Amino acid sequence: MNNGRLLWVDDEIDLLRGHIVFLEKKDYSVQTCTNGSDALDICRENKFDLILLDENMPGMSGLETLQAIKDIQPLVPVVMVTKNEAEDLMDQAIGSQIADYLLKPVNPRQVLLTLKKNIHRDEIRQEAVQTGYRRAFGEIGMQMGEDLSDEGWTDLYRRLVGWELELDLADDAMKEMLAMQKAEANKAFAKFVAKNYARWMADARTRPMMSHDVFRRAIFPRLTAGRKVFLLVLDNLRYDQWRVLSAELAAQFDIDESLYFSILPTATQYARNALLSGLTPLQIRDMYPDLWVDEEEDEGKNLNEEQLIARQLERYRRRETFTYHKINDSQAADRLLSNFAPLTRSPLNVLVINFIDILSHARTESRMVRELAGGEAAFRSLTLSWFRHTAIRDLFAHLAGLDYDILITTDHGSIRATNPIRVVGDKTLNTNLRYKAGKNLGYNAKEVFEMRDPKRCGLPAPSLSTAYIFATGADFFAYPNNYNHYVNYYRNTFQHGGVSMEEMIVPLVSLRPKP
């Protein structure tokens, strides 16, 4: 067994023989030399896992040797060993990409610690993470078996996502273990939603925060307190994706994170319209029929968002002016940033950013995008890459310079659909794979969450016999006609509209720019 190949460069290497013997007993292979010139020759002929480099040597200095080594082996971690604690020297060394530094006289344990940190960090961390999840597995299972409240479910989902992110680099067996536990949690969550949803929609005082409560409970109090607000609605943003993005923003903003529940269906035309109007879909249709578009109509379902915001402000007798912008691509973001000043004159600005939803649909339709975002971790990574390399990152740089409360939320999340279930309906049936609305639906009632009385759940019913059914967990609806082709095309795609923690438990995040 070899724990690593080391090169130790020091003009007094003979005084370090005891250290080298110690490392060799720990199964490290150690090669030595006494000057920078010899170190470069050795590096041209050999590959190393780490190099220990004396800062003060005759001939080539440690810094000169470091820069030359990086030209030969740019990825090898170099640990500077020095007697000199001068700040400018350390700045130069860090700027030249040292992995670590040790102050002379070093002891063998210090050296071993820096080797573990720089060579074995990932494997040590992953072993610790896997051990931690094995311990947490039973605790989470017990928590799932309890009669959880809405806060209990948001806490459980937060824990599961936390472990999912921690286990990104774990072995497949551990990931499968977590996937099975999430699937079990989603079964229990579907029962929880079926039991409570109608009550939530009937009683605003006792329900958890839902889509149509966000303005009333999170935005209006800030405006009343004299704060100015930017609301960013990132369409189809899951909580795990937000967690990845949050690490990019932590240096510029103080972050206060919470979770709430999207309404059903967890689809844009319902959940986002509810969010921006402060009403259920049924209330929108009854109060503002000119702003509601039924399922069977061809007209776009989200063309009236600005008017819905205006009507909500009017209902609550808010006098604040607001701006509304929808960003569907980088060009739209660039145009917004080039004319950003007018936004700073309004106390409320609402930006709807559609990229993640577009990416989700592109993953379904494009084989190349599906390969780039093959699994959950890859989809998160692609989302992070989008954020880093588009004008949206520049948008947050602008926001960091303003005295605004920045709120980030979404209309719904999505789930990777893996299990087809059959449904039968007429030609007018909507095309969403996670929910169906219509009459004369054929399905197995044990496989779905059904709403036989949509009005009790705040949903419009075009006819007395209209029902809604929702896929739960990782299910998706498939028609008997051309069944195999349909299933093969849509299996493992990210879908929304149904009942799952990933779709319904969504982030609401407050950012305050750091001084």
Side-chain angles (χ1 to χ4, degrees), residues 1-4 26-28 49-50 75 77 79 99-100 109-110 112-146 148 152-189 237-251 255 257-259 372-385 387-388 413-416 418 473-474 492 494 500-502 505 507 509:
M1 174 179 166
N2 190 318
N3 278 328
K26 295 291 185 181
D27 293 316
Y28 291 95
D49 297 301
L50 184 139
L75 300 181
V79 175
D100 203 352
R109 292 288 174 186
Q110 284 178 294
L112 185 61
L113 183 61
T114 200
L115 297 182
K116 290 195 173 195
K117 186 165 63 172
N118 289 286
I119 299 178
H120 310 294
R121 171 165 39 195
D122 286 346
E123 59 194 79
I124 292 171
R125 178 181 174 276
Q126 283 306 312
E127 180 58 36
V129 167
Q130 291 180 190
T131 300
Y133 178 62
R134 289 188 192 100
R135 285 197 300 265
F137 182 85
E139 297 173 9
I140 294 172
M142 290 178 62
Q143 188 177 357
M144 285 164 44
E146 298 172 359
L148 294 177
W153 275 108
T154 57
D155 177 65
L156 177 63
Y157 182 51
R158 189 180 278 111
R159 290 185 71 185
L160 288 168
V161 168
W163 282 115
E164 187 173 25
L165 298 177
E166 291 280 0
L167 292 168
D168 262 353
L169 301 177
D171 60 54
D172 289 342
M174 192 62 60
K175 291 179 181 176
E176 289 173 10
M177 187 173 163
L178 176 61
M180 289 173 58
Q181 192 161 55
K182 281 186 71 179
E184 287 299 313
N186 264 325
K187 287 182 181 178
F189 179 72
L237 176 72
R238 298 196 322 192
Y239 176 57
D240 61 321
Q241 293 170 315
W242 157 249
R243 285 283 302 274
V244 171
L245 299 184
S246 67
E248 297 291 301
L249 297 171
I255 300 175
E257 175 190 289
S258 62
L259 296 170
L372 286 173
E376 309 281 358
F379 196 32
R380 287 191 290 271
S381 178
L382 198 57
T383 304
L384 178 59
S385 181
F387 181 78
R388 284 174 170 169
S414 65
I415 190 168
R416 187 161 61 150
T418 59
N492 288 321
F494 286 90
S500 68
M501 297 179 296
E502 291 88 336
I505 303 178
V509 182

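Note that the coordinates shown come from a computational prediction; the quantities given were computed from them, not determined experimentally.
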CA sep, side-chain torsions, deciding dist, call: N118, V79, side-chain contact (heavy atoms from CB on, under 4.5 Å) = CA-CA 9 Å; N118 289 286; V79 175; 4.3 Å; yes
inquiry  = According to side chain to side chain contact (heavy atoms under 4.5 Å, CB included), who are the partners of R134, at least two apart in sequence or on a separate chain?
reply    = E127, Q130, T131, M174
Salt bridge present between E376 and K182 (N-O < 4.0 angstrom) = no
How close do [X] and [Y] get, counting heavy atoms only, and between which atoms?
X    : Y    : result
I119 : Y28  : CD1-CE2, 4.5 Å
L50  : T114 : CD1-O, 4.5 Å
A377 : D168 : CB-OD1, 3.5 Å
A185 : L156 : CB-CD2, 4.4 Å

A side-chain contact here means heavy atoms from C-beta on lying under 4.5 Å apart; do [X] and [Y] qualify?
X    : Y    : result
W153 : Y157 : no
Y133 : M177 : yes
F137 : L178 : no
L115 : K26  : no
E164 : R380 : yes

ask   = Using a distance-only test with no angle check, is there a side-chain donor-acceptor pair under 3.5 angstrom linking Y239 and E257?
value = yes
request  = Could you walk me through whether W163 and I140 pass the side-chain contact (heavy atoms from CB on, under 4.5 Å) test, one step at a time?
outcome  = CA-CA 11 Å; W163 282 115; I140 294 172; 3.9 Å; yes
Gap between atom [atom2] of [Y] and atom [atom1] of [X] - 0.5 Å precision:
X    : Y    : atom1 : atom2 : value
L259 : W242 : CG    : CH2   : 11.5 Å
D49  : L75  : CG    : CG    : 12.0 Å
M501 : R238 : CE    : CZ    : 10.5 Å

